[in-house]
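Remember, it's 1-based here, ligands and their atoms both numbered in the order they're listed. Both backbone and side-chain heavy atoms feed into the values below; hydrogens, waters and symmetry mates do not. These figures come from a predicted structure and were not determined experimentally.
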Amino acid sequence: MTVTLSPRALMSLLVNGPKATDVLHTALDLGLLDALEAGPVRLDALATRFGVLPLRLYKFLDCIESLGLLTRDEPDDDIGATSYRAVPGLRDAVNAVVGPDATERDRDRYPWRQLHGRLAESLRGEVSIDDGFAWPPKTAEQTAEFERSMALGLGPAIETVRRHSDRLWSDRHRLLDVGGGDGTLAAHILDTAPDLRADVYNLPAVAPLVAATRDARGHADRLGFVGGDFFVEPLPRGYDALSFVRVLHDWPNAVARELVQQAYAALDPGGLILICEEFRTPDRLAMQFFWSYFLIGVDSSVSRLREADFYTKLLTEVGFQDVAVLPGTWELVIAYKPSGRE
Ligand SMILES: C[S@@+](CC[C@H](N)C(=O)[O-])C[C@H]1O[C@@H](n2cnc3c(N)ncnc32)[C@H](O)[C@@H]1O
């Protein structure tokens with residue numbers, strides 16, 4: 001179900017956001033979301049099953065309906081006969097945002113409050129998020145914290161590379177994961193690609209984190225690390241696959257273009273390039289809200305949410321062929337460097 005609200009209605013929901021979250025959190029904890037998603041289910045049946053008062057539950061469910069997350073059928077005067085069904089995926093969505101491993105919880109640890117109420121000053125450049133968030137991290141602790149937080153949000157990328165693992169890796173031998181964080185994604189790829197070897201290319205300070213992932217994930221002889229800085233030296237050669245996962249969106253268009261050109265130069269003939277990040281859609285922009293807000297105060301982060309089209313065009317311009325967008329929670333854009341035998 002897609003609900004388009006007027007600006008006035010949306011403002012009412014926004015200003016009552018903490019209450020709406022409370023409703024959904026409660027519905028999750030009570031188990032109501034499981035029952036509603038399996039619906040349609042009658043109000044009287046729900047009230048009996050969960051030991052709550054029907055009239056109170058009716059109002060509670062109105063709160064959820066106002067968010068566009070429930071459909072309701074009220075056939076007659078008896079509110080007990082009103083039946084409800086939740087939109088598919090509601091339980092998982094609420095769990096992802098308020099549950100124990102919620103990314104939003106992780107995000108809330110960032111000092112966004114430094115901007116709150118001071119956005120006008122921040123827009124004028126008078127207030128910024130303090131120095132600890134400037135790129136690159138200055139201490140080993142900041143590096144570890146940054147990469148830990150990145151790895152926490154990798155779920156959708158892991159899911160998509162897993163889904164397409166046969167197509168991606170069955171004829172590949174060596175992958176370079178450029179800006180590959182602490183190696184979490186590379187380790188997941190190796191889980192599904194027994195003939196592949198993967199190296200993480202990252203700033204030298206990240207080496208111990210990749211070593212820890214290697215030890216923890218049991219790919220001792222297949223997960224490697226190449227320290228370097230892609231602004232200082234060309235990307236290393238000798239790979240038939242190269243990935244940029246949540247790397248290109250950190251940089252302006254000209255830099256993204258330059259990195260894709262570097263990848264083209266570095267890859268073996270016939271080499272595979274893979275780009276994965278949150279491509280811009282209305283949904284993704286909404287889920288990115290925290291970063292759009294927080295990064296207003298961090299000039300060293302460009303934060304570009306680009307449409308997948310930007311990359312399909314760029315890859316073609318640079319000379320890659322067989323460009324494709326593979327579906328997933330986050331899509332993958334892939335392409336191949338010509339083998340020279342065409
Ligand atoms: C936004 S994080 C993404 C990490 C990982 N790919 C993921 O999706 O979780 C960007 C990564 O690029 C790396 N990086 C940034 N600048 C770099 C540079 N100049 N050379 C090499 N790696 C760099 C960072 O250390 C970090 O691991």
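Shortest contact from atom 2 (S) of ligand 1 to any protein heavy atom: Met150 SD, 3.6 Å. Closest to atom 15 (C) of ligand 1 among all protein heavy atoms lies Trp135 CZ2, 3.3 Å. Of the protein's non-hydrogen atoms, the one nearest atom 25 (O) of ligand 1 is Asn202 OD1, 2.7 Å. Counting only heavy atoms of the protein, atom 3 (C) of ligand 1 lies nearest to Arg246 O, 3.5 Å. Shortest contact from atom 26 (C) of ligand 1 to any protein heavy atom: Glu147 OE2, 3.3 Å.
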Step by step, would you call Phe320 with Tyr336 a ring-ring contact (aromatic ring centres under 6.0 Å, His included)? CA-CA 5 Å; Phe320 285 99; Tyr336 292 84; 8.9 Å; no
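The residues Glu121 and Arg118 are annotated as salt-bridged, a charged nitrogen and a carboxylate oxygen being separated by less than 4.0 angstrom.
Atoms of ligand 1 lying under 4.0 Å from at least one heavy atom of Asp229, given by number and element, are 18 (C), 19 (N), 20 (N). Interface of Leu154 with ligand 1, defined as ligand atoms under 4.0 Å from a residue heavy atom, comprises 7 (C), 8 (O), 9 (O). Every atom of ligand 1 is numbered from 1 in the order shown, and the set under 4.0 Å from a heavy atom of Asp250 is 1 (C), 10 (C). Atoms of ligand 1 lying under 4.0 Å from any heavy atom of Gly228, numbered from 1 in the order shown and given with element: 20 (N), 21 (C). Residue Gly181 approaches ligand 1 through these ligand atoms, each under 4.0 Å from one of its heavy atoms: 4 (C), 5 (C), 27 (O).
Of the options Tyr201, Phe230, Phe231, the smallest heavy-atom separation from atom 17 (C) of ligand 1 is shown by Phe230.
For the pair Arg72 and Tyr84, the cation-pi criterion (under 6.0 Å, within 45° of the ring axis) is not fulfilled.
Considering both main-chain and side-chain atoms, Asp177 never comes within under 3.5 Å of ligand 1 through any nitrogen or oxygen pair. Where the criterion is an N or O separation shorter than 3.5 Å, residue side chain and backbone included, Val245 meets it with respect to ligand 1. Below 3.5 Å of separation, one finds an N or O of Gly179 facing an N or O of ligand 1.
For Asp76, the CG atom is densely surrounded, since the number of other residues' heavy atoms within 6.0 Å is greater than 12. For Phe289, the CZ atom is loosely surrounded, since the number of other residues' heavy atoms within 6.0 Å does not exceed 12. The environment of Arg148 atom CZ is dense: over 12 non-hydrogen atoms of other residues, nucleotides or ligands sit within 6.0 angstrom. Environment of CD in Glu126: crowded, with over 12 heavy atoms of neighbouring residues, nucleotides or ligands closer than 6.0 Å.
Asp182 and Thr184 share a donor-acceptor pair across their side chains, judged by distance under 3.5 Å alone.
The CZ atom of Phe225 lies 9.5 Å from the CG atom of Asp199; values are rounded to the nearest 0.5 Å.
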